[in-house]
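The sequence lines fix the lettering, A, B, ..., with proteins before strands; numbering per chain opens at 1. Just so it is clear, the structure is predicted and the values come from calculations on it, not from any experiment.
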Number of protein chains: 2
Amino acid sequence: MTDTAPLPDEADQARTFTRLREAHASEVTEDYVELIADLIDSEGEARAVALANRFGVTPATVNNTVKRLERDGYVTSRPYRSIFLTDKGRALAEDCRERHQIVTQFLLALGVSADVAEADAEGIEHHVSAETLDAFRNFIATK
Amino acid sequence: MTDTAPLPDEADQARTFTRLREAHASEVTEDYVELIADLIDSEGEARAVALANRFGVTPATVNNTVKRLERDGYVTSRPYRSIFLTDKGRALAEDCRERHQIVTQFLLALGVSADVAEADAEGIEHHVSAETLDAFRNFIATK
DNA sequence: ACCTATTATTAGTCAAGACTAACTTTGCAA
DNA sequence: TTGCAAAGTTAGTCTTGACTAATAATAGGT
């Protein structure tokens with residue numbers, strides 16, 4: 001047995017980092033569905049070349065990732081055609097968009113400049129728990 | 001020429017995501033030097049098994065990562081011995097520790113519970129720019 | 001001193017996410 | 001209508017970060 005003493009918060013910490021690794025795995029997915037939704041709204045469709053330009057990666061990388069997204073049920077696509085969100089993908093995109101907006105508005109409310117708020121939100125949004133997001137919402141509201 | 005119109009903020013966005021990917025690449029490095037520093041302070045030395053337990057990964061993974069850290073000049077190690085920070089590693093650990101503390105204190109000041117503040121800080125700390133960190137510091141101070 | 005448990009290492013595998021280079025398809029303009 | 005540039009795809013490679021399984025070293029207890 002190992003329930004004697006030496007790993008009380010060790011296990012907690014391990015859980016934190018495991019969660020963190022899982023969060024990272026879904027970051028790319030979230031960034032993609034979020035951008036695909038934005039492109040559909042603003043351009044009418046999401047083309048691989050636009051994703052590649054926005055993310056700063058090659059079309060080949062976009063292709064790989066879109067295949068994974070398709071495998072995981074977030075998007076549909078046909079060769080040489082544009083990319084569509086499934087219901088699951090659209091739902092995720094909506095969640096992400098909301099979180100993204102709250103984080104951005106929060107940083108702005110805190111006095112961070114617009115460019116930096118946008119850039120930092122992109123990184124922070126994936127690591128904000130429900131509780132922290134509520135705290136952000138609250139701060140924006142009572143400000 | 002491509003300086004006519006359609007990619008004004010497309011390029012900005014690409015830069016944001018490129019920076020983000022680079023940030024991610026250094027996250028593991030930062031987490032390791034931070035924890036190694038903590039272990040040296042609290043236990044007197046940093047053993048692979050402790051890192052494995054805290055991160056929730058196998059010893060084999062720690063070994064791989066420590067080799068990379070050694071290759072990149074952050075730590076030194078000898079087979080079957082504990083791990084030491086180089087000056088470069090120690091300097092990075094100091095920076096990370098400060099950032100980590102500020103983020104944690106900020107979340108606490110915002111009313112987030114201790115556990116969640118700790119967990120979220122672990123994810124957020126790697127994505128906070130100097131400007132945002134200042135805003136956090138400021139908030140803590142004037143609170 | 002030696003055995004055994006803990007710790008560390010090595011070898012081999014896998015998925016994600018990136019790349020280049022070569023190829024194919026599409027669709028628009030002349 | 002065809003021909004070429006833009007867009008998309010495929011194949012092959014690399015690094016990181018994870019794993020398991022097998023092996024090796026160390027160190028503590030008797």
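For DNA chain D, the contact window with chain A, defined by any atom under 4.0 Å from a protein heavy atom, covers D:dA7 to D:dA18 in 5' to 3' order.
As rounded to whole Å, 11 Å separates atom C1' of C:dT7 from atom CZ of B:R81. Rounded to an integer number of Å, the gap from B:N64 CG to C:dT9 C1' is 10 Å. Atom-to-atom, CG of B:L20 to P of C:dG17 comes out at 13 Å; the value is rounded to the nearest Å. The distance from atom CZ of B:R78 to atom C1' of C:dT9 is 15 Å, rounded to the nearest whole Å. Rounding to whole angstrom units, CG of residue A:N63 and P of C:dA18 are separated by 13 Å. The interatomic distance linking A:F55 (CZ) with C:dG17 (P) rounds to 11 Å, in whole Å. Taking atom CD of B:E22 as the reference point, atom P of C:dC19 lies 11 Å away to the nearest angstrom.
Distances shorter than 4.0 Å separate none of the side-chain N or O atoms of A:T65 from OP1 or OP2 on C:dG17. Taking only side-chain nitrogens and oxygens, A:R71 never comes nearer than 4.0 Å to OP1 or OP2 of C:dA15. For A:T58 and C:dC19, the shortest distance from a side-chain N or O to OP1 or OP2 is below 4.0 Å. Between A:R68 and the phosphate of C:dA15, there is no side-chain N or O to OP1/OP2 separation shorter than 4.0 Å. For A:K67 and C:dA16, the shortest distance from a side-chain N or O to OP1 or OP2 is not below 4.0 Å.
B:A60 comes within 4.0 angstrom of a base, heavy atoms only. Residue contacts for B:P79: at a heavy-atom cut-off of 4.0 Å it reaches the sugar-phosphate backbone alone, with no base atom in range. At a threshold of 4.0 angstrom between heavy atoms, the contacts of B:V28 are confined to the sugar-phosphate backbone, with no base atom among them.
Under the 30°/60° scheme for interplanar angles, the aromatic rings of B:F17 and A:F55 are found to stand perpendicular.
Mapping B:T61 and A:S77 onto DNA chain D by nearest heavy atom places A:S77 closer to the 5' end of the strand. The 5' end of DNA chain C is approached more closely, in terms of each residue's nearest nucleotide, by A:V57 than by the other of A:Y80 and A:V57.
No hydrogens or angles considered: a donor-acceptor pair under 3.5 Å links the side chains of A:H127 and A:E27. A:T132 and A:S129 share a donor-acceptor pair across their side chains, judged by distance under 3.5 Å alone. Between the side chains of B:S113 and A:E131, at least one donor N or O sits under 3.5 Å from an acceptor N or O.
Nearest heavy-atom pair across B:R19 and A:A119 is NH1-CB, 4.0 Å.
By the 4.0 Å N-to-carboxylate-O rule, A:R99 lies too far from A:E34 to be salt-bridged with it.
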* Assess whether salt bridge (Lys or Arg N to Asp or Glu O under 4.0 Å) is satisfied between A:D41 and A:R97, documenting all intermediate values. => CA-CA 13 Å; A:D41 287 358; A:R97 213 188 291 217; 3.1 Å; yes

